[in-house]
Amino acid sequence: MKIIRETPYIWKIEKFGNMKVDAIVFTNSETIYSQEYHEAIQQLINVASLPGIVKAAYAMPDIHWGYGFPIGGVAAFDTDNGIISPGGVGFDINCGVRVMTTSLSYSEIKKYIDKLIKEIYNNIPVGVGSRTNFKFSVKEMKNIIENGAYWAINSNYGISEDLNNIEDRGKIKYTDFNTMSKEAIKRGSNELGTLGSGNHFIEIQKVGKIYNLEIAEKWGLFENQIVYTIHSGSRGLGHQIATDYIKILRDNLKEWNKKIPDKQLINAPFNSQYGQNYFLAMNGAANFAFANRQIMGHKIRKIFKEIFGTDVKLLYDITHNIAKLEEHIIDGKKKKLIIHRKGATRAFKNQPVLIPGDMGTSSYVLIGTEKSESLAFGSSAHGAGRVLGRRQAKRKLNSKDILTELKNKNIRIIAKSKGTIVEEAPEVYKNIDDVIEIIEKTGISKKIAKLIPIGVVKG
DNA sequence: ATGTAC
């Protein structure tokens, strides 16, 4: 294997063996050869061998090991002779991030942080198996699946201008309710507007440093401003769709998948019936997730209105686990591709890019660039990236120490489970500042503002 | 991530 340093932050693994294209890794010289990158890079090499992959397999600086495809990976496939793979999307279909902005400064709400996070915790179901106390009918579920955030706004969870600030306006048109199992629909029927567990969170944050005043102003951001971030996805519904289609492809496309280097890379030709059915079902789950974040975002907006009498705007809502049908220029010609972004954020030119760090450090708002479009199909990182596995975290850390650490930093927290506090402790993540620095240096997005956590709600 | 296991 030959790793070539293209620039100080871009590394190329020249294609060898069964690879159809090169692999490109965005990172620094300290991590490229590190043990923690090793498995993920092997997975990236496997991805580069899949049929119809175009240009290269890409890895963002926060890559780590995932199901088949690495988390933090981007892979584009030709729609005529390429594939679509559930492992290239992930189990939490349309896991994503939304940032909402208030007109309040930190000093105005300082005394109310405990009250705020308590209100949020009491109004939004959080944690493993979090459910609403009612169920949507199958007919209403069809409406939700087909219309996503558009459905939510029509159901009084939001204002129409919210749609302008959601990726794909919160509604992907390529979907078909009939491609989704009864089980998936049943699981989703009492999960809409719930946070979930693991790395999902709601944070009240204050705007720290502003890096680009002009854009920040345009986006309604100012120093010491109170904003909030929601990180969640499609809950059990999306998980069920992923599980269903991995099995369907395994049972029905044995011959087609005979040569894959890892059984977790199970896939279907994009233009086949199986490939199309997964695509349509996955998009249904994505629409469910858009509605999910829209509801939670609006509920918190109402809490702010009740306590402070202030209005809240949506800065942006973006997904980082999805396969999208997009047009990109390949060899000077426009081409339709199916872009898998798994733990990678879309970062088209001038678009807000939201990258959460960990609950003890910070998160960032960035802007997409032309360079991202030319270098990585318009993609950027999605988070800090784990350095400790969940089990390792539980062995090494205890919740009491983490709570003390957060208290010392003046960060309030309500969490349903002590286990989650440990599994999601600041120590289990890479330093977000390092990830952001690499992104800046490569130019795949540019910093706009830093967000500092002050109140955290966890599952 | 996940009714953390079929």
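This is a predicted model, so every value here is computed, not measured. Proteins get letters first, then strands, A, B, ... in listed order; numbering begins at 1 in each.
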Sugar-phosphate, base or nothing in reach of A:Gly233, heavy atoms under 4.0 Å: nothing
Can you give the donor-acceptor pairs under 3.5 Å from side chains of residues 60-76 of chain A to other protein atoms, not counting sequence neighbours?
{"residue": "A:Asp62", "atom": "OD2", "partner": "A:His382", "partner atom": "N", "Å": "3.1"}
{"residue": "A:Asp62", "atom": "OD2", "partner": "A:His382", "partner atom": "ND1", "Å": "2.6"}
{"residue": "A:Asp62", "atom": "OD2", "partner": "A:Gly383", "partner atom": "N", "Å": "3.0"}

For residues 45-57 of chain A, which side-chain donor-acceptor pairs fall under 3.5 Å, sequence neighbours excluded?
{"residue": "A:Asn46", "atom": "OD1", "partner": "A:Gln42", "partner atom": "NE2", "Å": "3.4"}
{"residue": "A:Ser49", "atom": "OG", "partner": "A:Asn46", "partner atom": "O", "Å": "2.7"}
{"residue": "A:Lys55", "atom": "NZ", "partner": "A:Ser374", "partner atom": "O", "Å": "3.3"}

All side-chain hydrogen bond (donor to acceptor under 3.5 Å, both in side chains) counterparts of A:Glu203, not counting sequence neighbours: A:Gln205
Rounded interatomic separation in angstrom, taking CZ from A:Phe288 and C1' from B:dT2: 14 Å
Which atoms of nucleotides 4-6 of chain B (N or O only) lie under 3.5 Å from a protein N or O atom, and what are those distances?
none

A:Ile202 side, atom CD1; A:Arg98 side, atom CZ - distance, nearest 0.5 Å: 11.5 Å
For atom CD1 of A:Ile246 and atom P of B:dT2, their distance in whole Å: 15 Å
With sequence neighbours excluded, residues passing salt bridge (Lys or Arg N to Asp or Glu O under 4.0 Å) with A:Glu405: A:Lys409
All side chain to side chain contact (heavy atoms under 4.5 Å, CB included) counterparts of A:Thr369, not counting sequence neighbours: A:Lys371, A:Ser372, A:Lys446
Sugar-phosphate only, base, or nothing, as touched by A:Arg187 at under 4.0 Å among non-hydrogen atoms: base
